[in-house]
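Taking it in order: structure first as structure tokens, then the write-up.
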Amino acid sequence: FWQRLTARMNASSRDSIEASDVDRTRAKRGRTPISDVSDRQKVLLFGTLQSVTYHPAGQMPLLEAKLYDGTGSIDLRWPGRSDIPGFHVGRHVEVEGTVGIQAGHFVIVNPLYRIVVSEH
């Protein structure tokens, strides 16, 4: 019981620290918090890729990713793309585009993107 509780607390603390770090970096860069976006708003966001989904061969190419900035997350979609070199979970990126709503979630389709290398 104690080992599971300690592991859960450590994971929660780690997630909280990572969220705080990403939010602090986002604020320093002057980017819009994902928690503040609204439908049809043009935004410039900064965050960490939480997931990257590649669709199987034989289907229409579609690259999907989830961007997280410590305040919330947003879905990113690139129809017609099967890969973006350098995109992987944990990578820091800036994206620019217009927010929409699909299936009840905020999404940006074909955003401009910049991979942000470590600033250390």
Quiz item: Under the side chain to side chain donor-acceptor pair (under 3.5 Å) test, which residues partner T32, sequence neighbours left out?
Solution: none
Under 3.5 Å, which donor-acceptor pairs link side chains of residues 77-84 to any protein atom two or more places apart or in another chain?
from, atom 1, to, atom 2, distance (Å)
R77, NE, E64, OE2, 2.9
R77, NH1, Q102, OE1, 2.3
W78, NE1, P111, O, 3.2
R81, NH2, D83, O, 3.2

Quiz item: Who pairs with H105 by side chain to side chain donor-acceptor pair (under 3.5 Å), at least two apart in sequence or on another chain?
Solution: none
Quiz item: Which pairs with one or both residues in residues 100-109 pass salt bridge (Lys or Arg N to Asp or Glu O under 4.0 Å), sequence neighbours excluded?
Solution: none
Exercise. Work out which heavy atom in V89 is nearest to a heavy atom in S51; give both atom names and the distance.
Key: CG2-CA, 3.8 Å
Self-check item: Hydrophobic cluster membership, L63 vs V93, 4.5 Å side-chain cutoff
Solution: yes
Quiz item: From T98 OG1 over to N110 CG, what is the distance, rounded to the nearest 0.5 angstrom?
Solution: 11.0 Å
Quiz prompt | Joint hydrophobic cluster, I108 plus F87, side-chain heavy atoms closer than 4.5 Å | solution = yes
Exercise. Over all heavy atoms of both residues, which pair between A65 and L49 is shortest? Give the atoms and the distance, please.
Key: CB-CD2, 4.0 Å
Could you list the donor-acceptor pairs under 3.5 angstrom formed by side chains in residues 39-46, with sequence neighbours left out?
from, atom 1, to, atom 2, distance (Å)
Q41, OE1, S38, N, 2.8
Q41, OE1, S38, OG, 3.4

Exercise. Establish whether I34 and V52 are linked, either directly or via other cluster members, by ILVMFWY side-chain heavy-atom contacts under 4.5 Å.
Key: yes
Quiz item: Are L76 and V109 connected in the hydrophobic side-chain network, where two residues link if heavy atoms are under 4.5 Å apart?
Solution: no
Quiz item: Can you check whether G86's main-chain N or O pairs, donor with acceptor, with R91's side chain at less than 3.5 Å?
Solution: yes
Quiz item: For I74 and F106, which heavy atoms make the closest approach, and how far apart are they?
Solution: CG1-O, 3.5 Å
Quiz item: Ignoring hydrogens and geometry, is there a side-chain-to-backbone donor-acceptor pair from S73 to K66 under 3.5 Å?
Solution: no
Exercise. Provide the closest heavy-atom pair for L67 versus V95 in the form atom of the first, atom of the second, distance.
Key: CD2-CG2, 3.7 Å
Quiz prompt | Distance (rounded to the nearest 0.5 Å) between I115 CD1 and H92 NE2 | solution = 12.0 Å
